[in-house]
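Here is the structure we will look at.
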Amino acid sequence: MTITEAAIRYNRVTIMALVTLVAAGIGAFYSLPRAEDPGFIIKTALVTTYLPGASPERMELLVSDKIEEVVQEIPELDFVRSDSRTGVSLVFVNIRSEYKEMRPIWDDLRRKVERVASDLPSGVVGPFVNDEFGDVYPIMISLTGDGYSFAELKDVADEVRDELLRIEMVAKVDIYGAQEERIFVEYDNARLAEVGLSPSQLQQILAGQNILLSGGTVTVGGEDIAIEPSGSFESVEDLRRTLIEVPGSGAVLYLGDLAHVHRGTVDPPSSIMHSSGERSLGLAVSMREGGNVSELGVAVRALLDRLPTVYPIGLDFEATIFQPEFVDQKIGDFVENLGQAIGIVLLVMVLTL
């Protein structure tokens, strides 16, 4: 008995098998991962260390060589390369191609780098390990606010990031264009000389303020109660009212009487982002591995529709990059072409039988 004869004779079994295969195919189609730019594995990590003022030769001798020595202990290592510049050490760690699971390897790298950090010269900043070169961001949301400061926008961006991270398929959210805040103390040398203070003395006095110290604990009824000393700075105004003792006279002045104390951002900024010609902040959304970008888009779009009802008028949220729309369009085109192809094949078969 041939396969064709068996299929015709036991037609009920054939129909059930066909229905099962079609249902399984449709289910697999809708459960497949979807992304326009799928994530890929980059097997290189960068260890960056700063030592301001050090020459390239000293950076190589005191920093790069020591980091390379501990990196070479990694069994999965392919090769390591370093680049020592004035005040900066860059160590590139490359892993062999047969390894696919990189997280345990990068965790091992971080432990070894933390171990060598105590052997580096004083004044070193870092080392910092960066292994996130392969992240893909299918959604970018811009945040603008007419009349809002960057500090206020950053607070809103942090809250929105927390909301995005609650979405199941979101792996990570990065904020772009944020400016680091600083408290600036701008003084006039003539004013300091008038009261007999030098800039270094003023710096030492401020360095001795607002130090976090333990106030101990008190046991009451079997419960330990922590005591926190008062006097810490809670606002810029507290800093302005810091008492500065005038050398030789015993008199005291407020810091605000000697210098201009104000809150500001680092200038020049490390990064700037614009949206529709306005300065803005960007929230880049990364999808979990194996996720469905279409479902992610539905969840993010629902959040974007809800945000204007939560925050005041003037704060605008716009999806500047929204790949789920492109992915849905491409999938729709594929399904349409597939249907046309099946229809043409069936039509030709029917006409030629």
For [X] and [Y], work out which heavy atoms get closest and say how close.
X      : Y      : answer
Leu315 : Leu143 : CD2-CD1, 4.3 Å
Val93  : Trp106 : O-CH2, 4.2 Å
Lys66  : Asp119 : NZ-O, 2.9 Å
Pro324 : Ile139 : CD-CG1, 4.0 Å

How many angstroms lie between atom [atom1] of [X] and atom [atom2] of [Y], to the nearest 0.5 angstrom?
X      : Y      : atom1 : atom2 : answer
Asp83  : Met59  : CG    : CE    : 10.5 Å
Asp316 : Thr144 : CG    : OG1   : 4.5 Å
Tyr148 : Asp155 : OH    : CG    : 12.0 Å
Thr14  : Arg9   : OG1   : CZ    : 12.0 Å
Ile342 : Asn337 : CD1   : CG    : 11.5 Å
Lys100 : Ile105 : NZ    : CD1   : 11.0 Å

Would you call the rings of His262 and Phe184 parallel, tilted or perpendicular, where under 30° means parallel and over 60° means perpendicular? parallel
Could you check Glu159 against Tyr311 for side chain to side chain contact (heavy atoms under 4.5 Å, CB included), going step by step and ending with a plain yes or no? CA-CA 11 Å; Glu159 295 175 2; Tyr311 292 99; 2.8 Å; yes
Any non-hydrogen side-chain atom of Tyr137 less than 4.5 Å from a side-chain atom of Lys172? yes
Could you tell me if the side chain of Met140 sits less than 4.5 Å from the side chain of Leu283, heavy atoms only? no
Does [X], at its [atom1] atom, have more than 12 non-hydrogen atoms belonging to other residues, nucleotides or ligands within less than 6.0 Å?
X      : atom1 : value
Glu186 : CD    : yes
Arg96  : CZ    : yes
Arg12  : CZ    : no
Arg241 : CZ    : no

Go through the steps for Gln72 and Val80 under the test side chain to side chain contact (heavy atoms under 4.5 Å, CB included), then give the verdict. CA-CA 7 Å; Gln72 289 171 353; Val80 58; 4.0 Å; yes
Any donor-acceptor pair under 3.5 Å linking the side-chain atoms of Ser89 with those of Ser84? no
Can you tell me if Ser142 and Ser280 form a side-chain donor-acceptor pair at under 3.5 Å? no
Hey, which of Leu303, Asp305, Thr309 is the one that makes side chain to side chain contact (heavy atoms under 4.5 Å, CB included) with Leu307? Leu303
Taking it one step at a time, do Leu77 and Asn94 satisfy side chain to side chain contact (heavy atoms under 4.5 Å, CB included)? CA-CA 6 Å; Leu77 181 69; Asn94 297 272; 5.6 Å; no
Carefully, step by step, assess Leu90 and Arg85 under the rule side chain to side chain contact (heavy atoms under 4.5 Å, CB included). CA-CA 8 Å; Leu90 304 174; Arg85 308 173 185 176; 3.8 Å; yes
